[in-house]
Amino acid sequence: MPLYNAVENEKKWQKIWEDTKLHRTNLEDFSKPKYYNLVMFPYPSGDKLHIGHWYNYAPADSWGRYMKMKGFNVFEPQGFDSFGLPAENYAIKTGVHPTVSISQNVGYMREQLHKMGTMYDWDKSVVTSEPDYYQWTQWVFLQLYKKGLAYRKNAPVNWCPSCQTVLANEQVVDGRCERCKHEVTKRDLTQWFFKIRDYAERLLNFEGLDWPERTKLMQQNWIGKSTGSQVVFELCNEKGEKSGEKVTVFTTRIDTLFGATYMVLAPEHALVEKITTDKHKKNVAEYIEKTRKETDIARSAEDREKTGVETGAFAINPANGEIIPVWIADYVLVTYGTGAVMAVAAHDERDSAFAKKYGLPIQEVVAPTGGSLGAVTKNEATGGGAEKADQNPQSQSDGPFTEYGILINSGEFTGLTSEEARKKITEWLEEKKSANFTVNYKLRDWLVSRQRYWGAPIPIVYCDKCGEVAVPEKDLPVLLPKDVDFTPKGDGKSPLNTVESFVHTKCPECGGVAKREVDTMDTFVDSSWYFLRYPSAKMSDRPFDTGMTKNWLPVDMYIGGPEHACMHLLYARFINMVLHDLGHIDFEEPFKRLIHQGMITKDGAKMSKSKGNVVSPDQFVEKYGSDTFRLYLMFMGPFSEGGDWNDKGITGIARFLERFYQLIHVNELVGDKAALQRLLHKTIKKVTADIEVFHFNTAIAALMEFVNNALKIGMDDETRKAATLLIAPLAPHLAEELWEKVGGEGSVFENSWPVFDPALIVEDSVQLGVQVNGKLRAQVTVDVGADKDTVLAAAKAEPNVAKYLEGKKLVKEIYVPNKLVSFVVAV
RNA sequence: GCCGAGGUGGUGGAAUUGGUAGACACGCGGGACUUAAAAUCCCGUGGUAGCAAUACCGUGCGGGUUCGAUUCCCGCCCCCGGCACCA
């Protein structure tokens, strides 16, 4: 018969916490150091909280509780990222207005979070779709606008035909819409962008940030910096008569310039129409049309053959004056570099394939370096692999030689290494004003406008007289109208376009007739600054209080999924930097320490409604209680690794908590007091060290060992209290109950985390392994302070060791204190 | 293809400045209690051989360094995550 009724007890303590306002943080209290403990806020979906949320939030809350007990004034807020497509799509399907479904879902999820027993400060919450929040999202937009960092331009953009909206680059995954998985196509549309590119270099710097290496690498990769040169090619006809047009290309391999035997422009390149000769106009037009229709998936298919057509135009290679043909091909991307490349068929995979297909000339200008010099390869920056080129000279025989080497057929530059030539050739052409060093980034500006209803309206109006005008800050919020027919019309326009009362307005500058911008903002804009808002959540006249942000930010610990590495986490850094540059905040980086939780799968697959494999935590919480469920999730494995869900072992945790509860009620010390102290202090040491690095699984294992051993020794009052404190962050409800039972003062969370005493941990004796020729032959127990000779003698005396030493010549004796003894004998 | 993280019992996982592999838990086998079952408690549990002592094998595969390798080095294989014609 279990003594501990988890479900009832948890209700009791949740009510007490609520009544005593235990988890309302006094943000003005600086008697203790502040600690801002943040998790990525959820989207209030109709699926409610699933196991993945718990897997993220429960350990994050345990961390907050731990830091509180360590003496910090912990601020742990929670909110809802409530704008976005799911609510709108749900509304289209069912007719339930997003404001209704969102408020229901928020209510239900708050209830779940309450039952989890988290210490969120609900007085400081945000819901991004509420006017008192999105007013300030619009304010953020205006800050960027005023600085020239928000702009509108017509561009080919990613279009999801199913969601009927454009997508940011970051939201296109494998050529498909991140949300609905539909193939993404291109559309020419006028859209709003944020100039995140201007911050590319700063975003590459992670100095002072305690972030996972892999996340930093992912961002660096996404930003994609590469250094090279721009080279200007003058255009001409086949006879070499200059047309006056120029095309600039970007290359990281200007050392191969003498081998540039043709040039390729992206089909969308601005000059294509102008330079195409009459003879080729039809072909070119057809090719452009064909490219345009293709989705990104088709265009980037791996084994896809390269295609392209001639323009009839020619260009002059500035290095050797050769007249080379100009082609267009869709393997050149208009979005990267200058949208044009110099093609070096002899030293580039893509150019080589293209040249072979269309019979274009190939000119070798780089030879592999001889053995003694050591090949300088493309990999040299990464440190490894430089030797490989020499080992396998045949490997390049059927493809182009793409590594660094020694220049040949390159005029006065012949004989230089690629590295030297990159510098010298650029300098040489720089004098003639036809080249310069430059840097390129893969990162593109952030497309923030969406042709959807459920988002923050972009605060811009278009006046017949004044043109594009920003809505003055005092007129915010630009309210999102409620009564809207939000079914997509397939015209690529926002549903707000149909709301006359919204569209027609007065120009804030001249008072004349004006129309509102009808696009709304990407939800990632909402989430790019919410962490600034929490401490000032109730403020109605400002987005955030300067004093509050100064005192409480940056975020000390940020916990959330790695899937946000190149989206939310990049955007938030960018917006934070912009607000810093504008003087609104005094720090550049928003998140000091970052930890990702792993993903929870079901039968190896990501949980999703469509697969029907979503597991709800509610049934387990009702049966076992929150503590057991939290502990079970943490016990599954390391926090950052996730795992496949099954409920098989949950009884083990339930048993453990029951045993823990009973242990505290065992009154007599039947064993040795010193042994109990040693056990306790070893446990304090282990649990503390494990929690510090988010290894909750081994912290729990240590507590289990503690229980298993302590049940044999018994308990004393001191140990009872310390053990209760130790389990408190992990099983908060159980700990409160026990704390009350053992006569502790106040809430267990108002007490200090126990500190271990190294002196109490010291053991009298230690068991060593004894090896002979590397094989374990025996174990020997010796006094901790024993000297080497004593230990060796004891080891040799072991029968199973003596057996192997007998009659053999002892070559070597190795003694590793507290670990092992190893004998080496001649064979 | 490139970048990153992994591969350990029937299962989830412990242990890496090289030092007794398999902590802890699930499951399984046996026992106690019970009329019986559940719950609980005790014992056992990497594989092979053996009554046992013990021996041999064993951390994805193949080599290497070392008295000693899950840990370091070289070469592969397989899963997972990210990027992907970026000139």
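The structure displayed is predicted, hence computed values, not measured ones.
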Q: Parallel, tilted or perpendicular: which one describes the rings of A:Tyr661 and A:His665, with boundaries at 30° and 60°?
A: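 Tilted: the ring planes of A:Tyr661 and A:His665 meet at 30° to 60°.
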
Q: On RNA chain B, check which nucleotide each of A:Val772 and A:Ala702 is closest to and give me the residue with the more 5' one.
A: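 With A:Val772 and A:Ala702 compared, the 5'-side residue is A:Ala702.
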
Q: Distance check, P atoms only: B:G22 and B:U70, in whole angstrom units.
A: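 Those two atoms are separated by 12 Å.
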
Q: Kindly point out which of B:A87, B:A14, B:C26 is positioned nearest to the side chain of A:Leu333?
A: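 Of B:A87, B:A14, B:C26, B:A87 is nearest to the side chain of A:Leu333.
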
Q: Ignoring hydrogens and angles, answer whether the base of B:G1 and the side-chain atoms of A:Glu349 contain a donor-acceptor pair closer than 3.5 Å.
A: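 It does not, because no donor-acceptor pair links the side chain of A:Glu349 to the base of B:G1 below 3.5 Å.
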
Q: Establish, with yes or no, whether the OP1 or OP2 oxygen of B:C67 is under 4.0 angstrom from a side-chain nitrogen or oxygen of A:Tyr804.
A: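 Answer is no, no contact under 4.0 Å.
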
Q: Base, sugar-phosphate or nothing for A:Ser822? Non-hydrogen atoms, less than 4.0 Å.
A: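 Base, at least one base atom sits under 4.0 Å.
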
Q: Check the phosphate of B:G81 against A:Arg214, side-chain N and O only, distance under 4.0 Å to OP1 or OP2. Yes or no?
A: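 So the side-chain polar atoms of A:Arg214 never come under 4.0 Å of the phosphate oxygens OP1 or OP2 of B:G81.
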
Q: Please tell me which of the listed nucleotides, B:A84, B:G13, B:C85, lies nearest to the side chain of A:Trp222?
A: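 Between B:A84, B:G13, B:C85, the one nearest the side chain of A:Trp222 would be B:A84.
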
Q: Is B:G9 in the syn range, within 90° of 0, or in the anti range?
A: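 Glycosidic conformation of B:G9: syn.
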
Q: A:Tyr358 and A:Trp327: aromatic ring centres closer than 6.0 Å?
A: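 Yes: the rings meet the under 6.0 Å criterion.
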
Q: Measure from the side-chain heavy atoms of A:Asn221 and tell me the nearest of B:C3, B:A84, B:G4.
A: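 Output: B:C3.
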
Q: At under 4.0 Å, does any side-chain N or O of A:Asn708 touch on OP1 or OP2 of B:A25?
A: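 So the side chain of A:Asn708 is within the cut-off, an N or O lying under 4.0 Å from OP1 or OP2 of B:A25.
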
Q: More than 12 foreign heavy atoms under 6.0 Å from NZ of A:Lys290: is that the case here?
A: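 Counting other residues, nucleotides and ligands, NZ of A:Lys290 exceeds 12 neighbours.
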
Q: Any N or O donor-acceptor pair under 3.5 Å from the base of B:C83 to the side chain of A:Lys442?
A: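 No, the side chain and the base share no sub-3.5 Å donor-acceptor pair.
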
Q: Can you tell me, in whole Å, how much space there is between the P of B:C2 and that of B:G75?
A: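 One P to the other, the span is 13 Å.
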
